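Since the structure comes first, as structure tokens, the remarks are kept for the end.
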Protein chains: 2
Amino acid sequence: MIISKSCIYAIQAAIFVAAESKQGYVPINIIADRLNISFHFLTKVLQDFTHSGLMISYRGPRGGVALAKPADEITLHNLVEAIDGTDIFTECMLGLPGCGTAEPCPTHEHWIEVRQRFTVLAQQLTLKDMATKSSLMHVRLANGVKHHNQLA
Amino acid sequence: MIISKSCIYAIQAAIFVAAESKQGYVPINIIADRLNISFHFLTKVLQDFTHSGLMISYRGPRGGVALAKPADEITLHNLVEAIDGTDIFTECMLGLPGCGTAEPCPTHEHWIEVRQRFTVLAQQLTLKDMATKSSLMHVRLANGVKHHNQLA
DNA sequence: GCGTTTTAAGAATCTTTTATCTGAATTTTG
DNA sequence: CAAAATTCAGATAAAAGATTCTTAAAACGC
């Protein structure tokens with residue numbers, strides 16, 4: 001998989017928060033319910049967002065999480081970096097440590113072109129863009145479609 | 001990581017075999033030695049290549065593995081498919097089961113463009129291409145540079 | 001046939017990722 | 001001040017992936 005499952009959950013949650021964020025803080029149990037993710041697991045994952053300054057959290061009644069910045073100032077790149085790190089955007093396809101223009105691996109020149117496209121995509125696609133396109137995803141999640149292996 | 005570690009080892013081994021294959025079968029212990037990979041592990045991984053018809057194997061003295069086809073008829077796509085399957089080339093970035101043009105996820109239209117580039121790359125890059133570009137990789141591996149975390 | 005070389009196959013171990021649970025700590029509400 | 005809502009932190013369990021180990025099977029040379 002391109003990005004980790006934790007990261008997928010985190011991105012979906014961020015889209016959800018961006019779509020609902022007019023009402024102040026969004027409680028994590030609400031997000032977990034609507035997205036069919038374990039509450040405790042999501043709590044842990046979202047802490048990476050608060051630690052990296054993409055979200056802010058508030059305890060107690062009417063607490064929850066909220067975006068720390070406007071949705072159009074948070075990119076997919078920011079989200080992935082906070083959860084999975086930047087390896088995906090910098091790594092050699094074969095994982096060779098010193099691979100670069102000086103000592104390219106056999107796939108180097110072909111791979112960096114694809115990787116560069118992916119990086120640009122991630123830097124240009126904002127949370128706002130994704131939130132406005134998320135209607136269909138939400139409908140499906142709300143209808144009980146869980147992740148993966150649950151097609152049957 | 002884009003592709004699994006098993007797949008990375010397998011690709012490196014395939015490049016090695018392609019470069020040496022004039023001498024009939026190449027013993028797996030030789031490949032494992034030169035590439036700093038565990039012999040037993042490599043044995044298991046290369047079985048996926050023989051099972052999928054990309055390589056042929058032969059037991060006993062002067063045995064080993066060899067390409068089943070000319071190196072310019074084996075693509076990177078073939079190699080990845082044999083080890084990791086085709087998920088990488090077909091999957092939605094967020095791993096949503098029904099994601100497609102009918103019900104796109106928020107990243108769908110952006111992601112498929114990158115994914116398509118990657119697929120074309122993998123289908124056009126042949127083992128022959130990689131073997132001719134592999135000199136530097138082999139030098140580094142022969143000098144004892146192991147994979148990952150062994151930089152110090 | 002016997003010993004050596006080599007792949008084949010599967011079990012066992014270790015590591016990482018994913019997921020759950022429990023007990024706090026914090027803040028608002030009444 | 002007490003009760004409820006909510007995040008925070010850490011321990012633990014389950015699952016998946018990576019690696020190693022052990023034994024078998026095949027081929028060859030003598």
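First the proteins, then the strands, lettered A, B, ... as listed; each starts at 1. Because the structure is a prediction, the values reported are computed rather than measured.
- Look at B/Ser38 and you won't find any side-chain N or O under 4.0 angstrom from OP1 or OP2 of D/dA18.
- Among the protein residues, B/Pro61 comes within range of the nucleic acid bases, having at least one heavy atom under 4.0 Å from a base atom.
- A/Leu125 CG to A/Thr75 OG1: the interatomic distance, rounded to the nearest 0.5 Å, is 8.5 Å.
- In this entry the distance linking CD1 of A/Ile31 with P of D/dA5 reads 18 Å, nearest Å.
- Nucleic acid contact class of B/Tyr58 (heavy atoms, under 4.0 Å, all strands): sugar-phosphate only.
- One can place CG of A/Leu42 at 14 Å from P of D/dT6, the figure rounded to the nearest angstrom.
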Q.
The test is salt bridge (Lys or Arg N to Asp or Glu O under 4.0 Å); show your working for A/Glu73 and A/Lys128 and say whether it passes.
A. CA-CA 8 Å; A/Glu73 292 176 21; A/Lys128 186 179 178 184; over 6 Å; no

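- To the nearest angstrom, P of C/dT18 lies 11 Å from NZ of A/Lys44.
- Here D/dA27 presents its C1' atom at 12 Å from OH of B/Tyr25, a figure rounded to the nearest Å.
- For D/dT19, the OP1/OP2 oxygens have a side-chain nitrogen or oxygen of B/Tyr9 closer than 4.0 Å.
- B/Asp72 and B/Thr126 share no side-chain donor-acceptor pair at under 3.5 Å.
- B/His40 has no side-chain polar atom (N or O) that falls below the 4.0 Å cut-off from OP1 or OP2 of C/dA12.
- For the pair B/Lys5 and D/dT19, the criterion of a side-chain N or O lying under 4.0 Å from OP1 or OP2 is met.
- Classification of the A/Phe118-B/Trp111 ring pair by plane angle, with boundaries at 30° and 60°, yields perpendicular.
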Q: Please test B/Val17 against B/Val65 for side-chain contact (heavy atoms from CB on, under 4.5 Å), starting from the C-alpha separation and ending with a verdict.
A: CA-CA 8 Å; B/Val17 171; B/Val65 292; 4.1 Å; yes

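- Along DNA chain C, the nucleotide nearest A/Phe39 and the nucleotide nearest B/Pro27 are compared for position; the residue whose nucleotide lies closer to the 5' end is B/Pro27.
- Between A/Gln47 atom CD and C/dT18 atom P there is a gap of 17 Å when expressed in whole angstrom units.
- As rounded to whole Å, 15 Å separates atom C1' of C/dT6 from atom CD1 of B/Ile56.
- The aromatic rings of B/Phe41 and B/Tyr9 sit perpendicular to each other, their planes meeting at more than 60°, with 30° as the lower class boundary.
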(Q) Working note: A/His40 + A/Ile28, criterion side-chain contact (heavy atoms from CB on, under 4.5 Å); need CA distance, chi angles, decisive distance, verdict. (A) CA-CA 9 Å; A/His40 289 100; A/Ile28 297 182; over 6 Å; no

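- Secondary-structure stems of DNA chain D, taken as three or more successive Watson-Crick or G-U wobble pairs (i with j, i+1 with j-1) under a 3.5 Å distance threshold, comprise C:1-30 with D:1-30.
- Applying the 4.0 Å criterion to OP1 and OP2 of D/dT6, one finds that A/Asn29 has a side-chain N or O inside that range.
- Below the 3.5 angstrom threshold, one finds a donor paired with an acceptor across the side chain of B/Arg59 and the base of C/dT7.
- Rounded to an integer number of Å, the gap from CZ of A/Phe41 to C1' of D/dA11 is 16 Å.
- Within 4.0 Å of A/Leu46, counting heavy atoms only, lies no atom of the nucleic acid at all.
- Proximity of A/Ser57 to the phosphate of D/dT6: no side-chain N or O atom is located under 4.0 Å from OP1 or OP2.
- The interatomic distance linking A/Ile28 (CD1) with C/dC21 (C1') rounds to 16 Å, in whole Å.
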Q: Evaluate the criterion side-chain contact (heavy atoms from CB on, under 4.5 Å) for residue pair A/Thr50 and A/Ile56; output intermediate values, then yes/no.
A: CA-CA 5 Å; A/Thr50 61; A/Ile56 50 180; over 6 Å; no

